[in-house]
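Computed from a predicted model, the values in this text were never measured in an experiment.
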Amino acid sequence: MAFDPRNIPLTPIEARVLATLMEKARTVPDSYPLTLNSLITGCNQKSSRDPVMEVSEGEAQEALDSLRLKTLSVQISGSRTTRYEHNFPRGIGVPDQSAVLLALLTLRGPQTAGELRINSERWHRFADISSVEAFLDELRERSDEKGGPLVVQLPRAPGAREQRWAHLLCGPVDITALQSAQSTASASTGGSNASALQQRVDTLEAEVAQLRATVQMLCESLGVEPPATQTVPAE
């Protein structure tokens, strides 16, 4: 039976655990399959994660148990420690390339086709953006018999040139809430940039004033007239 997120969606932690397993299989194959501690570290990375999470050991273990029941992960009991690996493409019912895109959307949040192509370089090298878009279209048009769509194309954000994509592994996307969060983040970033710019201007003005005072002192000690100060006309 094909995975259907409309009936049994993944929890955010299950999705993070599953995507992290797939990421590490592609980017650090020498340490894969992962131990529980390595998996938790990967889930809680500060970089390449949106949102950033703080997954506990108990939450990670619970997610692994649930994913195993859904045939999306596999537990490997070794002589020294238990390790875990994903069964992403086969469990979800998609080709490897589509699994890469789904995992990236799960780990990094909504992205454009261009961003997905760049971010997938260490996972799978897509020929061009058109190739990425083709796989995204397949995921969006996935038939009901196969479990329904797995991605959605979001409305174009104000000022954006391209539309972004989001995964549906955890069920339908609340587009209104997502746009509100993006607007808040943009406003916060804009405010921070303005504050940083003002601080830089203040610092430069203080340095200019100090230089002028130094020039004035040198001119007085040499008995010469200081150079005329040029002013910039106000616009």
Rounded to the nearest 0.5 Å, what separation is found between the [atom1] atom of [X] and the [atom2] atom of [Y]?
X    : Y    : atom1 : atom2 : value
E62  : I13  : CD    : CD1   : 8.0 Å
Q153 : L136 : CD    : CG    : 8.5 Å
T35  : R80  : OG1   : CZ    : 11.5 Å
L21  : L67  : CG    : CG    : 8.0 Å
L150 : R142 : CG    : CZ    : 4.0 Å
Y32  : K24  : OH    : NZ    : 12.0 Å

Distance-only polar pair, side chains of S66 and K70, donor-acceptor under 3.5 Å: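 A donor-acceptor contact under 3.5 Å links the two side chains.
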Heavy-atom check, side chain of W165 versus side chain of L154, under 4.5 Å: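 No, too far: nothing below the 4.5 Å cut-off.
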In plain terms, say whether [X] and [Y] are close enough for a salt bridge, that is, a side-chain N and a carboxylate O under 4.0 Å apart.
X    : Y    : value
R6   : D144 : yes
E14  : R68  : no
E121 : R125 : yes
E23  : R49  : yes

Test log, rule side chain to side chain donor-acceptor pair (under 3.5 Å), inputs T106 and R16: CA-CA 7 Å; T106 303; R16 175 59 57 87; over 6 Å; no
